[in-house]
Amino acid sequence: MSDSKTRDRLVRSQYESYPYPARDPEDERTRLITGSPSNIPEVNHYVFGGRRDLTAPFNALVAGGGTGDAAMMLAQNMTDLGIPGEVVHLDMSGPSQDIARARAEVRGLTNIRFVEGSLLDVAGIAPGLWDYIDCCGVLHHLEDPNAGLAALASVLAPDGGIGIMVYGEYGRTGIYHMQDMLRTLAPSDDMPDSDRIDTAKRLTKALPATAWLNRNGLIRDHLHGGDPGVYDLFLHSRDRAYTVPQIVDWVAGADMRLVSFIEPFLYDPTWLVRDPRLLKRLEPFDAITRAAFAEQFVGNLKKHVFYAVRQDNDVTAPTTDSPDVIPHLVNQSAAEAAELMPPGGQIVVSTEGLKVDMPVPPLARMMVGLCDGKTNLAGVHAGVQEKRPEMDYETFKVQFDALYKVMSVINRMVLRLPQWPVDDDQLPAPCPES
């Protein structure tokens, strides 16, 4: 059997024996796991420029859906917002699909369809065309990620998009050292998986402080993910990571273009580099060169989340130019956001050990509290004017733009245009993020 076929067999065996991530369907009664990509307001913003009429049928494919996080979020969003259509959960692991199916049953979701198979065969088993495709944590485990992305692009609607997560090279420093050592200590061809996992656990405990894994300090899946987390992190038979330039070239090779990384500030030196002379030196470079610099500068990106569309799709994200545009908070209610927002000054954004100070305007708390996902900018201004009668729209707009500048780059606020009507009783109650 060829090395490729052997790795195919090992990957399938892994996810059948150790479905990942580990999930208890009963937990669906108390929480919805949310995140990026693939929550509906975010997809509308980045993939459809805020212009998608989501009262029309919306059909989404979750390619390599595993135990179901993305499928649950998409299907629940669609159910709560009254959006017709379906979510297809595609995965080659029957046991993983069993967990996802049980989660959907606990939630009472009826808009998910399950298809078992490889995403490489998507044109035959789930041909679409799909308005949206989610593919998180999958393509970097394929023998040929180029073929995988091309297969997904082939079933994408002309105006559709893909939300992708792949591993980041620099933030995973130490993981590949561990994988190399475990190929010596725990080879896949002559040791039971239980013994291999035990060996991996013993090795992590035996590492000195000087080992790359311990010097990194950001790697925690093996501490909190149980045996599936240990296996997926250290014993995976096929695992690669990407840098920003590699992602851009990879996406272009599938005749697609990258719309945005999430969260955008992590790829923009303007928010990260405080030395003005260094920033001046970076000014002439294009966005991708600057993003590649930012990735190396912060050093903590363990994964890259991004949205991509067809190369000939010229969609752009909506702006605050029109008073009709509607701001929508991401994974947070207006009340929650207002409680956390200071009345002007600075907010501190923390991610994987990185802390960045960002300025917010004096009326930040008041404005955020009015962003309920239904009210347009004119309505937010009217709400502010009730307490500040002297504030005209132009003055308000200056402050709102300063707020949006920050909230958008940390992916806490997106925009939509009013073609998508939402009734008051349709908005879902936010669930705690897991």
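Keep in mind the model is a prediction, meaning the values are calculated, not measured.
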Requested in this report: Decide whether Y15 and D232 meet the rule of one side-chain donor and one side-chain acceptor closer than 3.5 Å.
Outcome: yes

Query raised in the report: Do the charged groups of R23 and D27 touch, with an N to O distance under 4.0 Å?
Result: no

Query - Residue pair D134 / S38, side-chain donor-acceptor N/O under 3.5 Å - result: yes

Query raised in the report: Just checking, any donor-acceptor pair under 3.5 angstrom between side chains of S36 and N411?
Result: yes

Requested in this report: With sequence neighbours left out, write down each residue that passes salt bridge (charged side-chain N to carboxylate O under 4.0 Å, His left out) with D255, or none if nothing qualifies.
Outcome: none

Query raised in the report: Quick one: side chain to side chain donor-acceptor pair (under 3.5 Å) partners of T243, sequence neighbours excluded?
Result: Q246

**Report entry** Pair Y231, Q14: side-chain N/O donor-acceptor within cut-off below 3.5 Å
**Finding:** no

Query raised in the report: Could D312 and R257 be called an ion pair, given the rule that one side-chain N must be under 4.0 Å from one carboxylate O?
Result: no

Query raised in the report: Roughly how far apart are Y404 OH and L415 CG, rounded to 0.5 Å?
Result: 3.5 Å

Report task. To the nearest 0.5 angstrom, please state how far the CZ atom of R51 sits from the CG atom of N44. Result -> 9.5 Å

**Report entry** side chain to side chain donor-acceptor pair (under 3.5 Å) against D314, all qualifying residues, sequence neighbours excluded
**Finding:** none

Report task. Taking only Lys NZ, Arg NE, NH1 and NH2, and the carboxylate oxygens of Asp or Glu, determine whether E352 and R220 approach each other closer than 4.0 Å. Result -> yes

Query - Heavy-atom side-chain proximity of I197 to Y18 below 4.5 angstrom - result: yes

